[in-house]
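Below, chain A is the first sequence line, B the second, and so on; all start at residue 1.
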Amino acid sequence: MANKIKIATASLCGCFGCHMSLLDIDERLIDLVKLVEFDRSPFTDIKTIGDCDIGIIEGGVANAENVEVLREFRKQCKTLVAIGACAIDGGIPALRNGFTLKECLQESYVDGIGIDNPMIPSDPELPLLLNKVQPIQEVVKVDYFVPGCPPSADTIWTFLTELIEGKPISFTYGQIRYD
Amino acid sequence: MKICQFTNDIIASFNQQPDMLLQILIKIQRQYSFIPQQAITQLSKELLITEANIISVIGFYAFLHTKARGHYDLRVSHNITDQMLGSVKLTAMLTDKLSVQLATPRKDARVSVDLTSCTGMGDQGPAILVNGKPVVGLNKKRIEIICQLIESGTPVKQWPAEFFQIKNNIQRKDILLSDRSDNGAAIRALLKQGAQKLLQQIEHSNLRGRGGGGFKTGLKWRLCQQATAKQRYVVCNADEGEPGTFKDRVLLTTQADKLIEGMTLCAGVINSDLKRPCKGFIYLRGEYQYLYESLEQVLQKRRDAGLLGKNILGKQGFDFDIKIHLGAGAYICGEESALIESLEGKRGIPRNRPPFPVTKGYKAQPTVVNNVETFINAALIAIHGSDWFKKVGTEQSSGSKLLSISGDCARPGIYEYPFGTSIKQVLVDCGALNTQAVQVSGAAGFTIPVQYFGRCIAFEDIPTGGSFIVFNQQRDLLDMVKNFSDFFADESCGFCTPCRVGSSLLKQLIDKVHQGLASNRDLDEIKKISQLMCKTSHCGLGGSAPSSIMDTLAHFPQLYQQRLKNMNNEPVFDLDAELQQARQLNGVDNV
Amino acid sequence: MSTFQIFYLNGKPIPFKQGETIMDAALRAGEYIDHLCHHPEFRPHGSCRICMVELDGKSVSSCTQPAIANTQVDSSSDEMIEQRRSLLQMLFVEGNHICPGCEKSGDCQLQALAYQNKMLSPHFKHFFPKRALDASHPDVIIDFDRCILCELCVRASRDVDKKNIFCVDGRGINAKLIINSPGGKLGNSHFSADDKAAQICPVGAILPKHQGYDIPIGKRRYDQQPISEVDMDNQEKDQQK
Ligand SMILES: Cc1cc2nc3c(=O)[nH]c(=O)nc-3n(C[C@H](O)[C@H](O)[C@H](O)COP(=O)(O)O)c2cc1C
Ligand code: SF4
Ligand code: SF4
Ligand code: SF4
């Protein structure tokens with residue numbers, strides 16, 4: 001089918017829970033795939049992103065690579081969606097924001113319990129961490145927010161179908177959840 | 001003296017009254033440069049206030065501390081007027097020379113330097129408080145001498161006297177400042193006419209509050225008179241916290257008698273049946289602590305002359321006396337209900353209204369709170385009559401208004417004008433050239449652009465508490481906006497959501513604009529937060545905090561547009577700044 | 001009944017007695033007005049500003065404003081919802097509200113109001129403050145990250161428990177809840193899990209220890225039904241009792 005809506009997805013500093021929830025829309029996925037095709041996404045394993053209609057971002061922004069990917073998404077996608085608590089407000093990873101990066105790394109790699117070979121990793125291949133984990137809207141303009149940790153499959157389904165049909169998003173009471 | 005002994009003596013001197021907590025803390029702070037834990041424990045026991053409560057009061061007032069300050073505790077006035085006179089560079093010079101960081105006492109405990117909100121010396125800044133005493137006219141030379149005096153350990157008492165010479169700078173007089181009536185004239189008028197007649201005079205004069213709100217003074221006094229009471233209170237609001245205002249300082253220096261006369265008059269009016277006791281307070285801002293002694297002397301002189309105390313001017317049962325209470329660095333305590341909380345020794349959180357102070361004020365009793373200038377005007381009306389008063393000013397704004405003029409003009413100082421005087425006229429008189437804008441009524445006031453200079457100082461046009469700051473064409477008005485947004489974030493009492501959170505969000509956003517790191521989206525945010533604060537704040541502080549922002553956005557949009565990094569709605573994210581810690585860590589690791 | 005007068009809340013007539021606040025009259029009439037720092041058992045506080053309504057076009061807080069006869073009060077226009085949402089968002093960014101990791105989730109009034117007002121993100125820039133958790137008490141923990149400074153615990157401890165354990169220190173964005181005890185830890189205070197103050201926190205700041213997730217996520221008080229309905233239902237049940 002021509003003119004399928006192109007969707008790209010990415011997980012930044014998230015747990016893939018939101019992606020799993022997307023898969024949880026089960027047999028409705030078949031309906032969805034009739035309407036859309038996936039560009040760069042963990043589902044497709046495509047590593048670069050082309051022009052897309054919708055970009056869906058899971059996870060907050062925790063390192064330099066996240067920033068790069070996110071900016072790339074913003075550039076390529078007409079509509080950018082923050083999905084899940086981490087993308088929207090930093091989520092669980094933002095628990096580190098009360099501490100300096102040094103304190104975090106020191107605790108994780110040196111002082112923490114059960115560490116064998118205490119050493120803060122500094123391989124140049126590793127992306128540099130940001131001072132704080134940021135919600136994605138601090139880095140790029142975000143068009144839609146779908147809250148939840150993760151959002152339920154129902155919530156995602158409501159969102160995607162209404163977005164694709166060009167309707168205003170009308171979540172029911174139980175579909176807006178932060179946990 | 002041992003802390004324990006000292007604290008006990010102070011507590012005893014205040015008759016162990018819990019509502020004297022703030023006054024007691026101020027004395028302890030002055031003695032030790034902080035409130036030692038030992039004193040807190042003792043106060044808690046003696047005053048039956050929890051320790052946490054005492055700590056929370058200390059935490060509310062900028063001039064009180066739970067950790068020791070330096071032996072010389074310096075607070076640089078950080079108003080925009082000080083800044084325009086070079087205070088930022090001078091502060092840097094000061095901290096540099098003394099090798100001290102802002103807000104942290106030096107290791108040897110010799111000195112600490114802090115910034116503080118406007119100290120009311122706008123016409124002779126930059127100013128600084130040294131152990132509470134104002135030093136004005138700071139320049140490089142003075143900073144150098146101050147540093148030497150500190151390093152040599154010279155007691156502040158022995159510092160050059162001219163450092164502490166505060167000028168009155170009265171530049172223009174009208175009915176108030178040129179009045180030469182005898183002491184006691186207003187009280188004699190009261191005794192002659194009787195309270196009801198006198199109240200009618202005040203009402204007929206159409207006197208309105210000079211502190212900024214502009215409430216009808218006669219009506220306020222009448223409401224208080226009519227309220228059921230065990231006791232009534234007269235409170236003079238001498239908190240003068242609005243940045244750029246200093247006219248109350250000059251009135252307290254030159255017209256203290258008339259102020260007290262006005263307060264006594266008020267007592268005679270609101271307590272006309274003389275059946276219940278009536279007491280007065282002057283709430284003097286901490287920055288003006290240096291005026292405490294002279295005010296006490298005037299009070300004593302008046303007691304000796306039978307103008308204050310028992311049976312005033314021989315009238316049986318006309319008893320009224322006044323106590324001075326000090327503030328300790330909190331702008332919000334100028335708001336009348338917060339002021340009353342502070343008088344009761346508590347954190348200065350504005351109360352819910354109704355009830356208003358006129359029915360339930362100090363100790364839940366009917367209380368009149370008026371500005372210094374208002375009381376003086378009331379005294380003049382009693383002496384000269386309401387018709388005399390109404391001849392000056394406009395139909396809706398009778399009388400005169402004192403302006404505190406500072407900023408870019410040749411002759412800063414105090415100007416008394418009849419209401420209805422145009423901004424243009426004021427600018428000519430004070431010698432302001434190439435004026436870009438005037439900030440009238442302080443940080444909470446209005447930014448007036450050139451096209452409005454024909455408008456007038458009046459309740460019906462541009463109302464003001466008295467601050468008048470002139471900005472010439474060379475000034476960057478965004479410096480002012482930034483200064484004010486910092487001010488409000490510092491001074492928000494933290495009680496209500498929109499102001500507690502909003503004032504800090506605004507501060508961050510204005511900083512971003514100022515640094516050239518904002519996008520159009522940030523401007524939208526600024527507008528949204530400003531509106532929300534105006535609409536939903538609990539008190540006037542939050543309601544007026546965004547005012548200079550909204551005014552400059554309306555009249556000087558280019559100030560903001562010029563500085564935007566992104567003209568679109570994309571946020572500006574400073575990746576380099578966000579990677580700074582990681583780079584530092586890696587750098588260290590690589591060594 | 002002649003002592004009753006009437007005002008209109010979103011067009012509905014609400015009877016009130018002289019001196020009664022808009023909030024009290026509305027709740028008594030079974031009409032919910034969103035609120036956080038208000039609690040019917042305590043004197044009105046007026047700090048959260050969630051209950052702001054328009055009284056004949058003027059913005060007032062309904063928990064402190066006495067009702068006025070024959071006035072129109074609006075709490076449900078789009079503008080009012082938007083305003084509430086912004087205030088809620090401010091409360092979210094001020095602290096650290098990580099709902100997925102919070103035992104109160106589903107039972108939290110801040111969250112429930114955010115659901116009801118369709119808040120999809122906290123919108124404003126987060127402050128990410130650093131506030132230490134206090135787990136020193138044997139039965140109760142205080143997570144200051146989630147405290148919204150409603151002062152209900154302050155009032156309950158002072159007015160009901162007569163212990164005066166809590167108060168608010170600092171000012172502006174640095175305002176914070178502190179505890180009256182040597183060292184400022186809850187464990188050193190006279191606080192008890194039976195205190196009124198232990199039951200009253202509208203969010204997950206004061207939580208009982210030794211129990212967790214007894215009711216699973218998804219089945220909690222505000223998971224299925226908006227707070228306005230839940231609270232009004234409960235009130236009705238209480239009245240029937
Ligand atoms: C944040 C805030 C600060 C205020 N500061 C002062 C002040 O420093 N001096 C003053 O006289 N009034 C101040 N006011 C106004 C007082 O609340 C009150 O209206 C005034 O003292 C009444 O006196 P008046 O009617 O004589 O003006 C302030 C109001 C607010 C909201
Ligand atoms: S508006 Fe600001 S100063 Fe006034 S009560 Fe609210 S937080 Fe306090
Ligand atoms: S207190 Fe409420 S809003 Fe805050 S994290 Fe817990 S559930 Fe979420
Ligand atoms: S701990 Fe809970 S009850 Fe106490 S002030 Fe904070 S949010 Fe309110």
Side-chain angles (χ1 to χ4, degrees), chain A residues 12-13 55 57 60-77 79-80 82 87 90 94 96-110 118-144, chain B residues 101 103-104 485 489 494 497-498 500-502 504-530 532 560-561 563-591:
Chain A
L12 306 179
C13 186
I57 302 287
V61 188
N63 62 35
E65 188 196 10
N66 294 159
V67 175
E68 198 182 316
V69 172
L70 182 56
R71 283 181 168 158
E72 196 60 24
F73 262 67
R74 179 69 272 185
K75 217 182 286 167
Q76 301 292 343
C77 304
T79 299
L80 194 72
R96 83 154 155 98
N97 288 354
F99 304 88
T100 63
L101 194 51
K102 185 166 180 191
E103 287 170 324
C104 293
L105 294 173
Q106 188 75 16
E107 179 64 24
S108 314
Y109 293 105
V110 182
M119 183 182 88
I120 293 178
S122 63
D123 189 319
E125 288 290 298
L126 289 172
L128 287 177
L129 293 169
L130 305 188
N131 298 349
K132 282 183 165 51
V133 178
Q134 300 286 356
I136 70 167
Q137 61 158 341
E138 290 302 324
V139 182
V140 295
K141 178 170 176 283
V142 176
D143 303 301
Y144 291 93
Chain B
Q101 303 262 311
T104 345
S485 64
T497 310
R500 180 179 71 239
V501 184
S504 274
L505 285 173
L506 278 183
K507 173 191 156 99
Q508 291 174 5
L509 286 161
I510 293 294
D511 270 356
K512 238 175 137 179
V513 178
H514 196 255
Q515 290 170 30
L517 290 173
S519 76
N520 213 23
R521 178 179 108 142
D522 294 309
L523 292 193
D524 288 344
E525 284 290 278
I526 288 172
K527 288 176 202 159
K528 177 177 163 148
I529 296 165
S530 296
L532 187 71
Y560 296 81
Q561 293 299 332
R563 276 185 153 91
L564 291 189
K565 182 154 183 169
N566 290 347
M567 300 303 286
N568 54 24
N569 286 326
E570 283 294 324
V572 177
F573 182 75
D574 189 349
L575 182 58
D576 282 326
E578 271 299 320
L579 289 175
Q580 173 239 339
Q581 286 182 27
R583 288 197 175 129
Q584 220 165 30
L585 277 178
N586 267 24
V588 172
D589 281 348
N590 291 346
V591 170

Review point. Relative to chain B, which segment of Val67(A) carries a heavy atom at a distance below 4.5 Å: side chain, backbone, both, or neither?
Key: side chain

Exercise for review: Take Val61(A) and Glu138(A) through the test side chain to side chain contact (heavy atoms under 4.5 Å, CB included) and record every step on the way to the result.
Suggested key: CA-CA 9 Å; Val61(A) 188; Glu138(A) 290 302 324; over 6 Å; no

Revision key, fill the gap. Greatest number of non-hydrogen atom pairs under 4.5 angstrom with chain B, of Leu128(A), Leu105(A), Val139(A), falls to Val139(A)

Check your understanding: Is there a donor-acceptor contact under 3.5 Å from the side chain of Arg96(A) to the main chain of Leu101(A)?
Key -> no

Point to revise | Part of Gln134(A) within contact of chain B (heavy atom distance under 4.5 Å) | key: side chain

Point to revise | Verdict with supporting geometry, Ile529(B) and Leu509(B), side chain to side chain contact (heavy atoms under 4.5 Å, CB included) | key: CA-CA 10 Å; Ile529(B) 296 165; Leu509(B) 286 161; 3.6 Å; yes

Check your understanding: So, does Arg521(B) use its side chain to make a donor-acceptor pair with the main chain of Pro571(B) at under 3.5 Å?
Key -> no

